[in-house]
Amino acid sequence: MSAGRARLPVVIVAGLHADARRAAVGEILRAVPGAVAPHHDPASAVDGAVHRTVRDADSLLGSGDAALVNGCCALREDLVPELTRLAEAGGRRPAVVELRDSVEPTAWPRSSRPRAHRSH
């Protein structure tokens, strides 16, 4: 990340049980003032788009649709710009990202970096 760019702490919540992941995200949002959770709902995927929400412990802060990438998911193509937007808006700490069952948590941070910042 270059100097002068806003930074945003990101907490990754992963696991095989969706209810447990959602409960963990909710607990973090309640315990950490200002924390936000961007979430992509693959069950909402219709017409080539998936629904995205951003919420805090008390309310929905925003929502929109993200194009499906490669017929798969919007995680990298939509989440990274959303995290960048949250970082630039300031005043939020941290962003809590819930990964789906099939996403490997140790691989996600590297694969989801903006392409310009990837190291090989």
Side-chain angles (χ1 to χ4, degrees):
M1 187 167 278
S2 62
R5 289 192 65 181
R7 290 182 158 253
L8 179 72
V10 176
V11 174
I12 299 172
V13 177
L16 293 177
H17 302 286
D19 292 340
R21 289 192 317 266
R22 277 191 285 280
V25 169
E27 183 62 29
I28 294 167
L29 292 177
R30 287 186 296 279
V32 181
V36 296
H39 178 72
H40 291 80
D41 181 9
S44 70
V46 292
D47 297 327
V50 64
H51 192 66
R52 175 201 358 94
T53 59
V54 179
R55 66 183 179 96
D56 63 14
D58 301 316
S59 62
L60 180 67
L61 302 174
S63 67
D65 292 321
L68 291 172
V69 179
N70 298 327
C72 171
C73 64
L75 194 58
R76 181 178 62 222
E77 299 299 324
D78 187 65
L79 183 57
V80 171
E82 183 63 23
L83 292 173
T84 300
R85 185 190 68 73
L86 290 168
E88 290 171 350
R92 302 276 184 205
R93 52 164 216 245
V96 184
V97 176
E98 176 190 347
L99 298 183
R100 296 183 53 210
D101 322 8
S102 60
V103 177
E104 172 59 41
T106 58
W108 184 81
R110 167 163 254 164
S111 69
S112 61
R113 278 189 224 151
R115 287 188 179 115
H117 295 108
R118 283 193 192 171
S119 61
H120 296 285

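All values below come from the heavy atoms of this structure, side chains included, with hydrogens, waters and symmetry mates left out.
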The remaining residues in the hydrophobic cluster of I28, counting side-chain heavy-atom contacts under 4.5 Å among Ile, Leu, Val, Met, Phe, Trp and Tyr, are V11, V13, V25, L29, V32, V96
Distance in Å, L61 CG paired with R55 CZ, rounded so as to fall on 0.5 Å steps: 10.0 Å
From R21 CZ over to L16 CG, what is the distance, rounded to the nearest 0.5 angstrom? 8.0 Å
Supply the atom-to-atom distance H39 NE2 to R52 CZ, rounded to the nearest 0.5 angstrom. 12.0 Å
Got a sec, which residues hit salt bridge (Lys or Arg N to Asp or Glu O under 4.0 Å) with D19, two or more places apart in sequence or on another chain? R22
Qualifying residues under side chain to side chain contact (heavy atoms under 4.5 Å, CB included), relative to R30, sequence neighbours excluded: E27, A57
Heavy-atom pair of closest approach, residues L8 and A87: CB-CB, 3.6 Å
Flag side-chain contact, heavy atom, 4.5 Å: V54 against P38: yes
